[in-house]
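What follows is a short report on a single structure.
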Protein chains: 2
Amino acid sequence: MSDSTDLKKAGLKATLPRLKILGILEEPRARHMTAEDVYKALLDMGEEVGLATVYRVLTQFESAGLVIRHNFEGGRSVFEINHGGHHDHVVCVECGEVFEFYDPAIEERQRRVAEALGFHVDSHSLYMYGTCLGMKREGRCSKKGIPGTGVS
Amino acid sequence: MSDSTDLKKAGLKATLPRLKILGILEEPRARHMTAEDVYKALLDMGEEVGLATVYRVLTQFESAGLVIRHNFEGGRSVFEINHGGHHDHVVCVECGEVFEFYDPAIEERQRRVAEALGFHVDSHSLYMYGTCLGMKREGRCSKKGIPGTGVS
DNA sequence: TTTTTGCATGGGAATCGTTCTAGTTTACAC
DNA sequence: GTGTAAACTAGAACGATTCCCATGCAAAAA
């Protein structure tokens with residue numbers, strides 16, 4: 001299905017900025033990007049899109065369920081395309097690498113906890129912060145956020 | 001043990017702002033507060049402490065392990081006193097109420113996931129967002145953040 | 001097709017939470 | 001008590017995000 005159809009389904013007009021932004025986020029190498037990352041990617045493509053529009057569109061995408069917003073440590077939001085399957089994150093604070101995982105047992109226990117509290121869960125997030133294998137083994141994490149991960 | 005001793009142990013001078021802020025966070029009703037909440041509490045007590053000092057002190061307390069910083073949805077940081085026992089959080093997005101829980105099974109699974117990735121975990125956070133029992137049962141959540149929770 | 005209507009956009013200003021800077025004050029070892 | 005490094009205050013600065021508004025554009029109505 002085309003991006004254009006995805007947008008219409010979400011009740012959003014298929015405008016150029018929205019199509020471009022969706023396209024960027026769908027690239028496999030995109031993974032986790034800040035609004036700024038997306039903005040820079042647009043500029044690199046030669047598109048004249050305002051930063052305000054990027055923020056507006058990302059928020060709309062989030063409401064429409066097309067992307068997931070994460071509030072990793074550090075204050076700024078990072079976005080990733082929503083491929084449907086929920087997963088949690090492991091973030092290397094040294095190199096910014098982000099790993100994803102899904103553990104049915106954890107999901108189930110969370111569901112039980114919420115149930116016991118009589119709580120209706122809209123969303124949940126689980127992040128682990130630390131240092132990745134590369135760091136331990138070779139000390140080669142750059143200590144600077146990897147471009148495109150939105151983590152520094 | 002006095003707050004003053006706690007601070008010295010953490011390698012921090014026992015200054016008036018630090019003692020007052022620690023005192024505020026230790027009150028049972030404090031639970032989860034933003035820097036702004038703490039600042040307002042100080043003003044209410046008639047203390048002349050700058051907002052910048054509140055931020056600086058909270059960050060120092062975090063480094064010293066005296067408080068835990070959380071990045072709940074919404075961008076701003078909330079702080080809670082560290083009583084030693086790790087726990088996770090359930091946040092009602094309607095009334096701002098925060099519930100705490102600890103699930104050994106979840107902790108164990110997380111440990112395993114990190115191990116499998118060869119990842120060294122410094123910290124982890126698990127938040128569930130939704131609506132609490134009060135909301136469902138009586139619709140009495142105020143739709144506005146409860147003062148002192150730092151959540152809105 | 002032309003007109004109307006209303007959402008979308010871009011750019012800059014505004015806002016929010018947070019951190020930095022400069023100059024002054026304070027805690028605490030001696 | 002005194003000296004010195006650390007901590008303080010107020011306000012400016014900062015980065016991320018949102019707001020504002022004049023302009024643009026595309027679907028609906030005429």
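Chain letters run A, B, ... following the sequence lines, proteins first, then strands; residues in each count from 1.
Looking at E73(B) and H70(A), their side chains never bring a donor and an acceptor atom within 3.5 Å of each other. At a cut-off of 3.5 Å, with distance as the only test, no side-chain donor of H120(A) or E115(A) sits close to an acceptor on the other residue.
Put simply, CD on Q60(A) is 7 Å from P on dT9(C), counting in whole angstrom units. The CG atom of L7(B) sits 10 Å away from the P atom of dC8(D) (whole-angstrom rounding). Rounded to an integer number of Å, the gap from M33(B) CE to dT18(C) P is 14 Å. Distance CG (L42(B)) to P (dA10(D)): 12 Å, rounded to an integer number of Å. Spacing between atom OH of Y39(A) and atom P of dT9(C) amounts to 15 Å, rounded to whole angstrom units. The separation between E73(B) atom CD and dT17(D) atom P is 14 Å, rounded to whole Å. Atoms CD (E47(B)) and C1' (dT9(D)) sit 14 Å apart, rounded to a whole Å. Atom-to-atom, CD of E48(A) to P of dG24(D) comes out at 14 Å; the value is rounded to the nearest Å.
Distances shown here put every side-chain N or O of S77(A) at or beyond 4.0 Å from the OP1 or OP2 atom of dA16(D).
A distance of 8.5 Å separates NE2 in H86(A) from OG in S125(A), rounded to the nearest 0.5 Å. Atom CG in L25(A) sits 6.5 Å away from atom CG in L58(A) (nearest 0.5 Å).
Counting non-hydrogen atoms under 4.0 angstrom, E36(A) reaches nothing in the nucleic acid.
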With the sugar-phosphate defined as primed atoms, P, OP1 and OP2, and the base as all remaining atoms, what B/S/- string results for nucleotides 19-30 of chain C, 5' to 3', for protein heavy atoms under 4.0 Å? BB------BS--
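Within 6.0 Å of the CZ atom in R111(B), the count of heavy atoms belonging to other residues, nucleotides or ligands exceeds 12.
Checking dA7(D), dG10(C), dT9(D) against every side-chain atom of V49(A), the shortest atom distance belongs to dG10(C).
The aromatic rings of F72(A) and Y127(A) sit perpendicular, their planes meeting at an angle over 60°, well past the 30° parallel limit.
Taking each heavy atom of I21(A) and V54(A) in turn, the nearest pair found is CD1-CA, 4.0 Å.
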